[in-house]
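Residue numbers start at 1 and run along the sequence shown.
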Amino acid sequence: MKITLMNEGIDKWLRLPYEYGAEEVVVTITDMRGEKVEIPIKLSKSRIDLWMSYPLNEITKGRICVEGPENSWIKAAYIGMEPASQKRRELSRPKIHYMPPTGGISRLQGLCQFHGEWFLNYQAVPCSLSNQGGIVGQTIQSKDFLHWEASVEKKHVELEMIDAKCWVGDVEEQYIAKDDEIVYTLAKSTCGKIESLAAACILSLPGMIDGGIVSPAPTMFNLRIWERVWHNEPIRGEFHFLMRFRQGPDVWPEIKLLEPEHTIDDIKTDACEIEIELFIGQEKFVEFDYCGVLWRWDALEQKLACGNYSVRVPVVDGRLHLHFYRDMVVQEVFTGTDKAFLVIQEDGPKKDDYKIQSELVENINNVSFYLQYNADPYITIRTSGNSASLISLKVWGLRPITYQEDNRRLIKNKEKGKKLYSCEAYTVYENCVEDRIYGDPAAWAVNGGKTVLSPIRTVEEFRWRDTPWGDMTRIAERSERWDKPSVSVYPGLETKYNVLNAAFALSTEIMEQNRDKRYALPGQEGLMNAALFQREGEGFGSWVRDTCHAAFRCQNLLAPEEARESLIYISEHGFNNGEDCAAMPAIAAWDYYEATGDIQLLYEMLPGILRYAEEADSRYDKEKNLVHASMCLAQDAFEEPENGGYCLSTEIAFALMYQAVSEICKVTENENVRAIFWRERSEKMMQSIREKFWNEEKGCFTSGLIGSEAYEKGWWELTGAEMALWPRFHVASEVQRKRFIETIKNTPDACSEFGINWYPFRKEKNHFWRACWVSWTLGIAAAAGDLGDDAFIRKLIFGQVRNVLLHKSFHEVMDYDTGRAWRWPHLPWHAAGFIGYIVNGVFGIRYDGNGITMRPAVPPEFDGAILCGVPYRESRLTFEIHGSGNNCRFELDGQPLETLIDGKLKGLHKIDIFASR
């Protein structure tokens, strides 16, 4: 029997129906040139159990004749795209292992390394569940032995495949490969029928051999997305944990873990990792029931066994250490010895029953209303007695190594585009970010930047870490896809590059989500959260300084109605846990007035502002003309004795507070005498700051005043640097700004590709030290813009494009050394900081009550950028950049603009920025 099909060429596959019980026959493909290919296959005769796929890349494009036995279902054959989109669902296909698209692997042929990638050639048997039959050469490639993908070209094999003896179990081939000083090991499983899968084998997870010990390769740790931890837990016969649960709101700042409801909101996983350190005690044996596979450790023989396989695993000091992985039908165990297990569950994952029945509805009480489905992963540990205990048990949910099918289609054949920025740790292209810290897959920005694809990269925690200041990493969005909302109250940014558009849109949505009532504490609905720590049902709360920083860093100009109610609230309420909190409401309120002209807000906030000013007065040192402050701006955990009791950033904040209070009193015609007093106090503080904190020898404003350890050693910290450098605050002269920025660039351990180190002189590590906080670099970006240093602004911008696209969030902390984000997600003041890079740095926008001035410093990537819908006072402005550089001229509605944009302007207007070098 013959059928004729049209082969359109690249990435096309011939789909053939497969029946388990059928006898093997030969299907022949004949192309237009008469060349034939014979494919052995169990071709369907009475039912279709699977669809097998044969690649047509080597078959001449055009019409092909497909011939099979007369009594077969050859007419069901068709040509389609990649096998992942085949008709039958493969619910048990592994998520983190490489498995051929269909069929088996006859043998691995060769491995080579080329331009930082590994290429593996193998003999594929695409239409058979054995390792015999019609063989096709295939090449796959990977950077890390984990994320394998089909290679567009076959690489010549330059390295010999070195046999290994590391793996025990359902293993057919195993090899080692050397990458510089690292020795990897990789195995191929035996081939055979695996429940409902059209493929017959897998490649193991990458192992690493060090000192003769086989352990998981470090790249595996990038797959972790949530963690559950137990310490010092006695085992009274049995310990059980089901890897499906819910998180519910609790009394802040706690979280509550609940039983699963079997809804989409449950936290669960298909692939998982377990690391166990067990004190054996006097137990004769320990059994590990891991998702239906039984592992048994025997104390007498000191062996771990699974089925017919066993390995000697001796205890050390009474402790047994095992490292398990489970991926649907595959399990691996790293035993802490020179051996690792690989086991295939041919019958598939353990099943749970689902039976529908009702006494009220009689017609559903039959066997057709019964089904089985893959059970959720679990671990059960059983002992012969009660003397064993868990020293440590860590369970991780793991993400898949590829995107979901619909998202894969979105980026299939999508070009990375132009390379915009590259460093050792990552590369930013116009459509994606490739990161060498978190590894594959790349984060993608598509649909004009309206859609971002990136898997979860940080590990979500559900208990406080064992630190004195309280640490926990949370996740705001447990999905791999973000779509831009159809409506936003913030201005929009349009550039030529999807990654820039997406990063800006994500940042503005983070700002908006922090006002979403779903995340509010009781009585704080509609107010700004400080982060989305608790997810829906319970927020992080309205904090004084967080609200104020978000406001004066971007909200007051770009979305003032988002800030107004929150500012009024925190002038009398709000969480207050820092020495600088008293200074912030006045600064934010005055900035709001300058951006909007809304005098009513000043009246509403005035009582609270005056109270805060009186509080500052009580700490004022008349001899030094400074306010006593033992911690810098926004720091709330550690005393800073190196600053001598007066921290630069907090001093600047209080000087600005006195200035703002004076102006507010003047405008509202209140406290006229005190207004003069506070104005003089502000001037004295500013003079004292300039005299006592500028270190001419070191070229910086130090974090402490003259006589302090910080001054003598030339130490600066980031919040002080920002407040001193930010042109809007008029602390540093232009000469000082230029010198200080060069000092920052040249200070050891100050600038990495991930950001600027908050405390460059600190070697310890916590959420402040050796940490990058985006928010405290906005003023530095604005200062760089004033100096025309668009290269420095560019570096800051792309560091955070990488950050926000990888995580679809701004976590509180970016580790300066590793480039990994952690702690609370969706921090608004970080999002505001990034937005400010572009608004204040690139577009160079400055404003006060008189109008807007501009000092743009335009990186090449922002040529053609449009910032539309900026609501300054009674006008709505659109800014468009033409060219790049810092030599700029301006037009307002097509007419030359020589000075500022008048604050009395009304209606819609266009500002064109013509930049050159």
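Here the two rings, on Trp230 and Phe239, have centers that are under 6.0 Å apart. Proximity of the aromatic rings of Phe241 and Tyr378 is defined here by a centroid distance below 6.0 angstrom, and this criterion is not met. Checked against a 6.0 Å centroid threshold, the rings of Phe119 and Trp148 do not count as neighbours. Close placement of the Trp51 and Tyr78 rings is indicated, their centers lying within 6.0 Å of each other.
Listed by first and then second residue, the ring-ring contact (aromatic ring centres under 6.0 Å, His included) pairs that reach into residues 414-454 are Tyr421-Phe798, Tyr438-His807, sequence neighbours excluded.
Partners of Lys351 under the side-chain contact (heavy atoms from CB on, under 4.5 Å) rule, at least two apart in sequence or in another chain, are Glu195, Pro349, Gln372, Asn374. Shown here are the side-chain hydrogen bond (donor to acceptor under 3.5 Å, both in side chains) partners of Lys188, two or more places apart in sequence or in another chain: Glu172. With sequence neighbours excluded, no residue satisfies side-chain hydrogen bond (donor to acceptor under 3.5 Å, both in side chains) with Gln404. Remark: His240 pairs with Thr380 by the side-chain hydrogen bond (donor to acceptor under 3.5 Å, both in side chains) rule, at least two apart or across chains. When the side-chain hydrogen bond (donor to acceptor under 3.5 Å, both in side chains) test is applied to Asp817, the partners found at least two apart in sequence or on another chain are Lys765, Arg770.
Other residues, nucleotides and ligands contribute over 12 non-hydrogen atoms within 6.0 Å of the NZ atom of Lys95. No more than 12 heavy-atom neighbours from other residues, nucleotides or ligands sit within 6.0 angstrom of CG on Asp347. Residue Asp210 places its CG atom among 12 or fewer non-hydrogen atoms of other residues, nucleotides or ligands, all under 6.0 Å distant.
The cationic atom of Arg474 (NZ for Lys, CZ for Arg) lies less than 6.0 Å from the six-membered ring centre of Phe533 and within 45° of the ring axis. With a 6.0 Å cutoff to the six-membered ring centre and a 45° limit on the axis angle, Arg820 does not count as a cation-pi contact of Phe754.
Taking the charged nitrogens against the carboxylate oxygens, Glu480 and Arg399 have no contact shorter than 4.0 Å, which rules out a salt bridge. A salt bridge does not link Asp265 to Arg246: none of the charged nitrogens lies less than 4.0 Å from a carboxylate oxygen. Electrostatic pairing of Arg481 and Asp483 counts as a salt bridge here, judged by a charged N lying under 4.0 Å from a carboxylate O.
Ring geometry for Trp295 against Phe324 counts as perpendicular: the plane angle is over 60°, on a 0 to 90° scale with 30° as the lower cut.
Under 3.5 Å, the side chains of Gln513 and Asp516 contain no donor-acceptor pair of N or O atoms. A donor atom on one side chain and an acceptor atom on the other are not found under 3.5 Å apart for Glu430 and Asn498. Donor-acceptor pairing under 3.5 Å is lacking for the side chains of Trp167 and Gln174. For the residue pair Ser392/Glu277, the side-chain donor-acceptor check at 3.5 Å is not satisfied. One side chain, Tyr309 or Asp170, offers a donor N or O that lies under 3.5 Å from an acceptor on the other. Between the side chains of Ser151 and Thr139, no donor-acceptor pair is found at a separation under 3.5 Å. Residues Glu273 and His323 have side chains that bring a donor and an acceptor to within less than 3.5 angstrom of each other. Looking only at atom types and distance, the side chain of Glu275 has a donor-acceptor partner in the side chain of His321 under 3.5 Å away.
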*Assess whether salt bridge (Lys or Arg N to Asp or Glu O under 4.0 Å) is satisfied between Asp435 and Arg802, documenting all intermediate values.*
CA-CA 8 Å; Asp435 192 74; Arg802 176 247 183 197; 2.7 Å; yes
*Show the numbers, then the answer: is there a ring pair (Phe, Tyr, Trp, His ring centres under 6.0 Å) between Trp118 and Tyr184?*
CA-CA 12 Å; Trp118 290 93; Tyr184 292 100; 7.2 Å; no
*What's the verdict on salt bridge (Lys or Arg N to Asp or Glu O under 4.0 Å) for Arg465 and Asp471, showing C-alpha distance, side-chain angles and the deciding distance?*
CA-CA 5 Å; Arg465 296 185 186 178; Asp471 288 320; 5.2 Å; no
*Given Lys416 and Glu434, is the salt bridge (Lys or Arg N to Asp or Glu O under 4.0 Å) satisfied, shown in steps?*
CA-CA 9 Å; Lys416 297 184 225 179; Glu434 289 186 343; 3.0 Å; yes
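Note that the CG atom of Leu50 and the CG atom of Leu197 stand 8.0 Å from one another [nearest 0.5 Å]. Distance check: Ser809 OG to His830 NE2 gives 9.5 Å after rounding to the nearest 0.5 Å.
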